[in-house]
Peer 1: 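Attaching a single structure in structure tokens format; questions to follow.
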Amino acid sequence: MKSAVIVFPGSNCDRDVAVALRDVTGRAPAMVWHGDHDLPDGLELIVLPGGFSHGDYLRSGAVAARAPVMRAVTNAAARGVRVLGICNGFQVLTEAGLLPGALMRNAGLNFVCRHVALRVEAGAAAFTRGYAPGELIQLPVAHHDGSYVADAATLDRLEQQGQVAFRYAEPVNGSARDIAGVVNEAGTVLGLMPHPERAIEAAHGGTDGRRLFEGLLHAMA
């Protein structure tokens, strides 16, 4: 699987994602700087990693969403290239209009950093192929602005169209309907607040994140 990781000033999970992709796919991803205007040819997956792009100036992901490379990311997404946004990457995707909704300050105004239980929903088949629908998994979270919000009509549409990919199985950050991850209507763009790249091997405290990348790899085989 040919992949790329977008690197913004303030990204701090870009190397973690790169290691995970290399470990699972056997192929190192291209590391693409935010100021670049083009992406490598033939990409099958683009990852927007976690971190604090541009220091979360204005709002989390707001500046990164307007970076030069995001035009190429948007064009690639329109062609059906899979795009995965993790934590800050999820915030960037909503700010760029590639996913509905927004990520607001956590309920309780606390930074949350721990493993949480998630329920895998039926939608987003390419991204959740490695799991069984309804399965409970464990992934780590680390965020201050992870409370997912959208108006009632948008939330209803996401539920009806199977665009909720992961849901918190326990109180975490006050997200609407406990949503932890959503996909676009085509099911090709996923944003999620938990960090699958931090659950790749047993030494990480769990391997449930590895199955997301393995599922993607098999979906594209």
Side-chain angles (χ1 to χ4, degrees), residues 1-57 60-65 67-70 72-73 76-77 81-93 95-96 98 103 111-116 118 127 130 137-146 166 180-181 189-217 220:
M1 182 169 66
K2 187 173 182 179
S3 61
V5 177
I6 308 300
V7 182
F8 301 98
S11 294
N12 62 11
C13 299
D14 48 330
R15 293 178 186 273
D16 294 344
V17 172
V19 170
L21 288 169
R22 186 179 64 233
D23 189 27
V24 173
T25 70
R27 186 173 185 174
M31 306 301 285
V32 180
W33 185 236
H34 74 112
D36 291 348
H37 292 268
D38 300 308
L39 294 166
D41 293 333
L43 288 179
E44 298 169 282
L45 174 68
I46 300 167
V47 180
L48 278 61
F52 304 90
S53 58
H54 299 275
D56 282 351
Y57 186 64
S60 299
V63 178
V69 76
M70 287 305 297
V73 172
V81 176
R82 265 50 173 219
V83 179
L84 169 62
I86 302 169
C87 196
N88 187 226
F90 187 6
Q91 296 159 347
V92 175
L93 290 175
E95 290 284 345
L98 289 173
L103 284 307
F111 190 91
V112 179
C113 183
R114 59 184 173 87
H115 278 73
V116 300
L118 299 168
F127 291 100
I137 63 172
Q138 294 272 338
L139 289 180
V141 296
H143 60 248
H144 197 253
D145 298 282
F166 297 94
V189 178
L190 168 67
L192 77 164
M193 288 310 297
H195 287 264
E197 80 281 9
R198 296 184 185 179
I200 298 297
E201 53 188 70
H204 294 161
T207 59
D208 284 340
R210 184 182 191 90
R211 295 158 61 195
L212 185 146
F213 295 105
E214 289 177 339
L216 270 173
L217 182 62
M220 297 177 188

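We count residues from 1, following the sequence as given.
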Peer 1: List the atom of Val73, the atom of Leu98, and the distance in Å for their closest heavy-atom pair.
Peer 2: CG1-CD1, 4.3 Å
Peer 1: Give the C-alpha distance, both sets of side-chain angles, the deciding distance and a yes or no for side-chain contact (heavy atoms from CB on, under 4.5 Å) between Asp56 and Asn88.
Peer 2: CA-CA 9 Å; Asp56 282 351; Asn88 187 226; 3.9 Å; yes
Peer 1: For Phe8 and Trp33, which heavy atoms make the closest approach, and how far apart are they?
Peer 2: C-CZ3, 4.3 Å
Peer 1: Give the intermediate values and the outcome of side-chain contact (heavy atoms from CB on, under 4.5 Å) for residues Leu216 and Glu44.
Peer 2: CA-CA 10 Å; Leu216 270 173; Glu44 298 169 282; over 6 Å; no
Peer 1: Between Cys13 and His195, what is the shortest heavy-atom contact and its length?
Peer 2: SG-CE1, 3.7 Å
Peer 1: If the condition is side chain to side chain donor-acceptor pair (under 3.5 Å), which residues does His204 pass it with, not counting sequence neighbours?
Peer 2: none
Peer 1: Got Ser3 and Val47 here, is their nearest side-chain heavy-atom distance under 4.5 Å?
Peer 2: no
Peer 1: Counting only N and O atoms by type, is there a donor-acceptor contact under 3.5 Å from the side chain of Asp36 to the main-chain atoms of Val69?
Peer 2: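 No; judged by distance alone, with no hydrogens or angles, the pair does not exist.
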Peer 1: Can you measure from CE (Met70) to CD1 (Ile46) and round to the nearest 0.5 angstrom?
Peer 2: 9.0 Å
Peer 1: I need the Glu197 CD to Asp14 CG distance, nearest 0.5 Å.
Peer 2: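 CG of Asp14 is found 10.0 Å from CD of Glu197.
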Peer 1: Looking only at heavy atoms, which two atoms of Val92 and Ala64 are closest? And how far apart?
Peer 2: CG2-CB, 3.8 Å
Peer 1: Would you say Leu84 and Leu192 make side-chain contact, with heavy atoms under 4.5 Å?
Peer 2: yes
Peer 1: ring-ring contact (aromatic ring centres under 6.0 Å, His included) with His54: which residues, sequence neighbours excluded?
Peer 2: His34
Peer 1: Under the side-chain contact (heavy atoms from CB on, under 4.5 Å) rule, what do Ile137 and Arg211 come out as? Steps first, then yes or no, please.
Peer 2: CA-CA 10 Å; Ile137 63 172; Arg211 295 158 61 195; 4.3 Å; yes
Peer 1: When rounded to the nearest 0.5 angstrom, what is the spacing between CE in Met1 and CG in Leu43?
Peer 2: 10.5 Å
Peer 1: If you draw a 6.0 Å radius around CZ in Phe111, do more than 12 non-hydrogen atoms from other residues or ligands fall strictly inside?
Peer 2: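 Yes.
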Peer 1: Answer whether the closest heavy-atom distance between the side chains of Gln91 and Ser53 falls below 4.5 Å.
Peer 2: no
Peer 1: Just verifying a value: how many Å separate Arg210 CZ and Asp208 CG, rounded to the nearest 0.5 Å?
Peer 2: 12.0 Å
Peer 1: Within the structure provided, determine whether Phe213 and Ile200 are in side-chain contact (heavy-atom separation under 4.5 Å).
Peer 2: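 In contact.
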Peer 1: In the structure I gave you, are the side-chain heavy atoms of Leu118 and Pro194 within less than 4.5 Å of one another anywhere?
Peer 2: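 Yes, close enough: below the 4.5 Å cut-off.
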Peer 1: Checking Lys2 side chain against Arg27 main chain: does a donor-acceptor pair fall under 3.5 Å?
Peer 2: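 No.
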Peer 1: Please report the interatomic distance CG(Asp145) to CZ(Phe52), rounded to the nearest 0.5 Å.
Peer 2: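 Nearest 0.5 Å value for the CG-CZ distance: 9.0 Å.
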Peer 1: Of the non-hydrogen atoms in Pro196 and Leu139, which two are nearest, and what is the gap between them?
Peer 2: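 Closest approach of Pro196 to Leu139: CA-CD2, 4.0 Å.
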Peer 1: Considering non-hydrogen atoms only, spot the tightest contact between Asp16 and Arg198 and give its length.
Peer 2: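 So the minimum-distance heavy-atom pair works out to OD2-NE, 4.4 Å.
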